[in-house]
Amino acid sequence: ELNINNVDFVISDLESGIPFKNDLFDIVIISHVLEHLTKLEITLREIRRVTKASGLIIIIVPNCGKTYRRFFLKMIDMDTMIRLISISLI
């Protein structure tokens, strides 16, 4: 047990929708998850939906270039991915 009192843990199926209101979070971090999903566009739309317009979305995948080519290229192109989550590449 972690003994953390100010955190709620929610288990959800990302591909079926995230159980939070629109524009709720300042920061959304998704780490080592996207490469395991098949409905990327739905998931990215949901992540964007729950993130505030001025919020930050951090996506972490193992070996981004290789992961993108192997998994995402077949399902979604980079321009669409950027448009869906409305990020600026730094």
Side-chain angles (χ1 to χ4, degrees):
E1 184 154 327
L2 297 175
N3 197 23
I4 299 173
N5 298 322
N6 63 345
V7 175
D8 292 325
F9 293 93
V10 175
I11 297 172
S12 174
D13 177 356
L14 293 174
E15 295 177 317
S16 296
I18 300 172
F20 294 105
K21 296 184 294 182
N22 295 351
D23 304 313
L24 181 65
F25 297 105
D26 294 310
I27 300 174
V28 173
I29 301 170
I30 184 163
S31 178
H32 294 78
V33 172
L34 291 184
E35 68 271 14
H36 301 286
L37 303 177
T38 57
K39 300 175 183 174
L40 275 181
E41 189 164 341
I42 291 170
T43 303
L44 292 172
R45 285 184 193 279
E46 279 295 288
I47 291 168
R48 177 62 194 99
R49 180 186 64 77
V50 300
T51 306
K52 292 180 181 177
S54 61
L56 177 64
I57 298 170
I58 299 172
I59 298 174
I60 303 165
V61 293
N63 191 345
C64 185
K66 184 177 180 181
T67 299
Y68 173 74
R69 286 190 304 276
R70 183 173 174 199
F71 297 102
F72 304 153
L73 199 54
K74 295 176 186 174
M75 295 179 263
I76 191 169
D77 63 87
M78 185 60 89
D79 290 337
T80 302
M81 183 173 175
I82 292 169
R83 189 184 81 254
L84 287 171
I85 57 177
S86 301
I87 63 169
S88 296
L89 297 177
I90 300 172

What about I60 and L56, same hydrophobic cluster or not, with Ile/Leu/Val/Met/Phe/Trp/Tyr joined at side-chain heavy-atom distances under 4.5 Å? yes
Contact list for residues 11-22, test salt bridge (charged side-chain N to carboxylate O under 4.0 Å, His left out), sequence neighbours left out: none
I11 meets the side chain to side chain contact (heavy atoms under 4.5 Å, CB included) criterion, sequence neighbours left out, with none
Donor-acceptor check, side chain of R48 to backbone of T51, threshold 3.5 angstrom: yes or no? yes
Does V10 share a hydrophobic cluster with L14, counting links as ILVMFWY side-chain heavy atoms below 4.5 Å and allowing steps through other members? yes
Side-chain heavy-atom pair I58, I30 within 4.5 angstrom cut-off: no
Measure the shortest side-chain to side-chain distance between N22 and L24 over non-hydrogen atoms and say whether it is less than 4.5 angstrom. no
Rounded at 0.5 Å granularity, tell me how far OG in S16 sits from NZ in K39. 6.0 Å
Salt bridge present between K52 and D23 (N-O < 4.0 angstrom): no
So which pairs with a foot in residues 11-30 pass ring-ring contact (aromatic ring centres under 6.0 Å, His included), sequence neighbours left out? F20-F25
With rounding to the nearest 0.5 Å, note down the distance linking CD1 in I57 to CG in L44. 8.0 Å
Please check: side-chain N/O of S12 versus main-chain N/O of G17, any donor-acceptor pairing under 3.5 Å? yes
To the nearest 0.5 Å, how far apart are CD1 in I27 and CD1 in I29? 6.0 Å
